[in-house]
K.L.:
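Sharing a structure, written as structure tokens. Questions coming.
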Amino acid sequence: AQASDHPSYVKVRDALDTATATVQGDSAVAERCRDRAVAFVKADKPLEALTELHNAKINWYHGDTMYGAVLTVRFIAALYSQLGLAYAAKMYACSAAMLALNSSDAEVKTHVPKALAEAANYSHRAGCWIDSARFSEVAILARSQFLADPFDSDKHPELDEQLALSALILSAIDTYWPDLDVLIQRAQKTTGWYEQVRRTLEESEASYALSEQEFQQHAVERFDGPILGDLGPRRAIYFRALGVRWCFTFDNDKATVLAAEGLCATLQVFLADIARLHPVIIESTVTVNVAVASGGKLDDERTRVDDSQPEISVDVLLPHKVDDLQEQKVALLATCIQLTQAVNARPPKELLDLVETAVKQGLLDKT
């Protein structure tokens, strides 16, 4: 991990990996990347660990080793969560679930419920508690389908973690917003999970000593977004990255939520990736209003930045649907560059040079 600070580290690492791939194959390279990632995590270098894990993911794809790929994608999600990037974490947890679900290997499919439960946790961390409750419900359905003895907590200790998370949400709603209990019931109406969580709370007799104001203040420090931010006619997403407080607001309808969360997840991945290249960013607040256009194309006027005030305001127009996923990826990346340019303290070309370096190192495969 100490060698990573050397200017020639990337060049030497890539040369060694190429030689390893020639002799032993892509799976061997993936294992080397994973081992380096673990070393970086132990050295408290999460950004460098993410780079190695993304490389491991790609090499396991090429090596046709889906078990390793799914584990790596779940690990990537966990690292994004540790960095306070809940939407990137949620995106990767969902990707892990989809990869596992599409696998023909029964052992790989056991990761479907685990990844979905982790997505529930990341939604909880983002303050989207109703979304989290629904993810928990789908994870329970997946447990029944893909795990042997699915509700044996001795064999599956993560089940107790999922129960504790669901109980935490329900107990807070019972205490502070009891009228919202019906939303949890609707989100978990199929599996009996709501009833199980309710019984657990009754047996524990847990309660909160904090007032609602104190609880909300505690939540600001603990969560990566406003509590129950997935309710109401408008949604809000808050997070901090590179010294900037990013605030996204958008209508709470399906098309807009999917587009806006996709942009937030892509921006979080983008910011984490260029952070290791040391951009010079002005500490500030950026408020982004996201809307969805009816057409399927993005034009050059999709992002409008108003930096006339200390708090930068941006309007972003995203397409309702894009058929070409690669085109969508490039378009979202362009929007992320424009958002970052609004807080870039150096000439625009320097930021573009950093992005070009990141793209050469695999940025598009990460978003």
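Please read these numbers as outputs of a predicted model, since none were measured by experiment. Residue numbers start at 1 and run along the sequence shown.
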K.L.:
Name all pairs fulfilling the side chain to side chain donor-acceptor pair (under 3.5 Å) condition that reach into residues 132-142, sequence neighbours left out, sorted by first residue then second.
P.N.:
Glu137-Thr191
K.L.:
Give a yes or no answer on whether the side chain of Ser284 reaches the backbone of Ile282 with a donor-acceptor pair at less than 3.5 Å.
P.N.:
yes
K.L.:
Please determine whether side chain to side chain contact (heavy atoms under 4.5 Å, CB included) holds for the pair Thr303 and Asp315, giving the CA-CA distance in whole Å, both sets of side-chain angles, and the decisive distance to 0.1 Å.
P.N.:
CA-CA 6 Å; Thr303 302; Asp315 290 321; over 6 Å; no
K.L.:
I'd like to check the salt bridge (Lys or Arg N to Asp or Glu O under 4.0 Å) partners of Lys366; sequence neighbours left out, ordered by chain and number.
P.N.:
Asp273
K.L.:
Donor-acceptor pair, Asn59 side chain versus Asn55 backbone, under 3.5 Å?
P.N.:
yes
K.L.:
Taking Glu214 for the side chain and Ser211 for the main chain, is one N or O donor matched with an acceptor at less than 3.5 Å?
P.N.:
yes
K.L.:
Would you find a donor on one side and an acceptor on the other, under 3.5 Å apart, between the side chain of Asn344 and the backbone of Ile281?
P.N.:
no
K.L.:
Could I get the full list of ring pair (Phe, Tyr, Trp, His ring centres under 6.0 Å) partners for His156, not counting sequence neighbours?
P.N.:
none
K.L.:
What pairs of residues pass the side chain to side chain donor-acceptor pair (under 3.5 Å) test when at least one of them lies in residues 255-266, not counting sequence neighbours?
P.N.:
Lys90-Glu261, Arg235-Glu261, Asp253-Thr256
K.L.:
Taking the side chain as every heavy atom from C-beta outward, state whether Leu267 and Phe239 have any pair of such atoms under 4.5 Å apart.
P.N.:
yes
K.L.:
Where is the tightest heavy-atom contact between Val70 and Ala96, given as atom of each residue plus distance?
P.N.:
CG1-O, 3.9 Å
K.L.:
Assess, by modelled atom type and distance only, whether the side chains of Ser308 and Asp306 contain a donor and an acceptor separated by less than 3.5 Å.
P.N.:
yes
K.L.:
What are the two closest heavy atoms between Leu168 and Ser171, and how far apart are they?
P.N.:
O-OG, 3.0 Å
K.L.:
Is Glu118 salt-bridged to Arg74, cutoff N-O under 4.0 Å?
P.N.:
yes
K.L.:
Below 4.5 Å, heavy atoms only, C-beta onward: do Val288 and Leu339 meet side chain to side chain?
P.N.:
yes
K.L.:
Would you check if there is a donor-acceptor pair between the side chains of Lys114 and His111 at a distance under 3.5 Å?
P.N.:
no
K.L.:
Verify the cluster assignment for Val314 and Phe250: are they in a single hydrophobic cluster under the rule of side-chain heavy atoms below 4.5 Å apart?
P.N.:
yes
K.L.:
Kindly work out whether a path of hydrophobic side-chain contacts (I/L/V/M/F/W/Y, heavy atoms less than 4.5 Å apart) joins Val359 to Leu352.
P.N.:
yes
K.L.:
Do His218 and Arg222 touch side chain to side chain, with heavy atoms closer than 4.5 Å?
P.N.:
yes
K.L.:
Is Val343 reachable from Tyr238 through a run of hydrophobic residues whose side-chain heavy atoms are each under 4.5 Å from the next?
P.N.:
no
K.L.:
Indicate yes or no: at least one non-hydrogen side-chain atom of Leu163 is less than 4.5 angstrom from one of Gln196.
P.N.:
yes
K.L.:
Would a line drawn from the ring center of Trp246 to the ring center of Tyr87 be shorter than 6.0 Å?
P.N.:
no
K.L.:
Measure the shortest side-chain to side-chain distance between Leu159 and Ile140 over non-hydrogen atoms and say whether it is less than 4.5 angstrom.
P.N.:
yes
K.L.:
Going by an N to O cut-off under 4.0 Å, is there a salt bridge joining Asp224 and Arg125?
P.N.:
yes
K.L.:
Among residues at least two apart in sequence or on other chains, which ones pass salt bridge (Lys or Arg N to Asp or Glu O under 4.0 Å) with Arg199?
P.N.:
none
K.L.:
Return the minimal non-hydrogen interatomic distance between Ala133 and Ile184, and the atom names on each side.
P.N.:
CB-CD1, 3.9 Å
K.L.:
Using side-chain heavy atoms (C-beta onward) and a distance below 4.5 Å, is Leu101 in contact with Phe146?
P.N.:
yes
K.L.:
Just jot down the salt bridge (Lys or Arg N to Asp or Glu O under 4.0 Å) partners of Arg34, sequence neighbours excluded, or say none.
P.N.:
none
K.L.:
What do the steps show when you test Tyr176 against Leu210 for side chain to side chain contact (heavy atoms under 4.5 Å, CB included), and what is the final call?
P.N.:
CA-CA 10 Å; Tyr176 303 111; Leu210 301 176; 3.7 Å; yes
K.L.:
Return each pair, listed once, that meets salt bridge (charged side-chain N to carboxylate O under 4.0 Å, His left out) where at least one residue sits in residues 280-292; pairs must be two or more places apart or across chains.
P.N.:
none
K.L.:
Are the side chain of Glu311 and the backbone of Val286 linked by a donor-acceptor contact shorter than 3.5 Å?
P.N.:
no
K.L.:
Should Leu183 and Val197 be counted in the same cluster of Ile, Leu, Val, Met, Phe, Trp and Tyr side chains packed under 4.5 Å apart?
P.N.:
yes
K.L.:
Report the residues that fulfil side-chain contact (heavy atoms from CB on, under 4.5 Å) with Asp353, sequence neighbours left out, ordered by chain and then residue number.
P.N.:
Lys349, Glu356
K.L.:
Under 3.5 Å, is there a donor-acceptor pair between the Gln361 and Thr51 side chains?
P.N.:
no
K.L.:
Determine the interplanar angle of the Phe223 and His124 rings, folded into 0 to 90°, and report it as parallel if under 30°, tilted if 30 to 60°, perpendicular if over 60°.
P.N.:
perpendicular
K.L.:
Go through the steps to decide whether Leu318 and Arg302 satisfy the test side chain to side chain contact (heavy atoms under 4.5 Å, CB included), and finish with yes or no.
P.N.:
CA-CA 7 Å; Leu318 298 175; Arg302 64 184 178 270; 5.8 Å; no
K.L.:
In the structure I gave you, are the side-chain heavy atoms of Thr287 and Ile312 within less than 4.5 Å of one another anywhere?
P.N.:
no
K.L.:
By side-chain contact (heavy atoms from CB on, under 4.5 Å), which residues pair with Gln185, not counting sequence neighbours?
P.N.:
Asp181, Tyr194
K.L.:
Determine whether Leu53 and Phe40 make a side-chain contact, defined as any pair of heavy atoms from C-beta on separated by less than 4.5 Å.
P.N.:
no
K.L.:
So does Arg143 pair up with Glu158, basic N to acidic O under 4.0 Å?
P.N.:
yes
K.L.:
Return yes if some donor-acceptor pair links the side-chain N/O of Lys329 with the main-chain N/O of Thr367 below 3.5 Å, else return no.
P.N.:
no
K.L.:
Donor-acceptor pair, distance only, cut-off 3.5 Å: does the side chain of Ser204 make one with the backbone of Leu201?
P.N.:
yes
K.L.:
Report yes or no: do Thr249 and Arg234 form a side-chain donor-acceptor pair below 3.5 Å?
P.N.:
yes
K.L.:
Okay, side chain of Ser123, backbone of Ala120: is any donor-acceptor separation there less than 3.5 Å?
P.N.:
no
K.L.:
Short question: side chain of Thr335, backbone of Ala331 - any donor-acceptor pair under 3.5 Å?
P.N.:
yes
K.L.:
State, to 0.1 Å, how close Ala260 and Val290 come at their nearest heavy-atom pair, and which atoms those are.
P.N.:
CB-CG1, 4.0 Å
K.L.:
List for me each residue that meets salt bridge (Lys or Arg N to Asp or Glu O under 4.0 Å) alongside Lys155, sequence neighbours excluded, and say none if there are none.
P.N.:
Asp149
K.L.:
Applying ring pair (Phe, Tyr, Trp, His ring centres under 6.0 Å), name anything that partners Phe248, two or more places apart in sequence or on another chain.
P.N.:
none
K.L.:
Following the transitive rule for hydrophobic clusters with a side-chain heavy-atom cut-off under 4.5 Å over Ile, Leu, Val, Met, Phe, Trp and Tyr, establish whether Leu47 and Leu85 coincide in one cluster.
P.N.:
yes
K.L.:
Applying side chain to side chain contact (heavy atoms under 4.5 Å, CB included) to Ile227 and Trp129, what does each step give before you reach the verdict?
P.N.:
CA-CA 7 Å; Ile227 291 180; Trp129 286 9; 4.0 Å; yes
K.L.:
Provide the closest heavy-atom pair for Pro279 versus Leu242 in the form atom of the first, atom of the second, distance.
P.N.:
CG-CD1, 4.2 Å
K.L.:
How far apart are the closest heavy atoms of Val112 and Ala97, and which atoms are they?
P.N.:
CG2-O, 3.8 Å
K.L.:
Say whether, by atom type as modelled, one donor and one acceptor occur between the side chain of Gln268 and the main chain of Ala88 under 3.5 angstrom.
P.N.:
yes
K.L.:
Taking only residues two or more places apart in sequence or in another chain, which ones pass side-chain contact (heavy atoms from CB on, under 4.5 Å) with Ala139?
P.N.:
Leu116, Ala117, Gln162
K.L.:
My understanding is that only one of Tyr122, Phe270, Tyr92 makes a ring-ring contact (aromatic ring centres under 6.0 Å, His included) with Tyr80; could you say which?
P.N.:
Tyr92
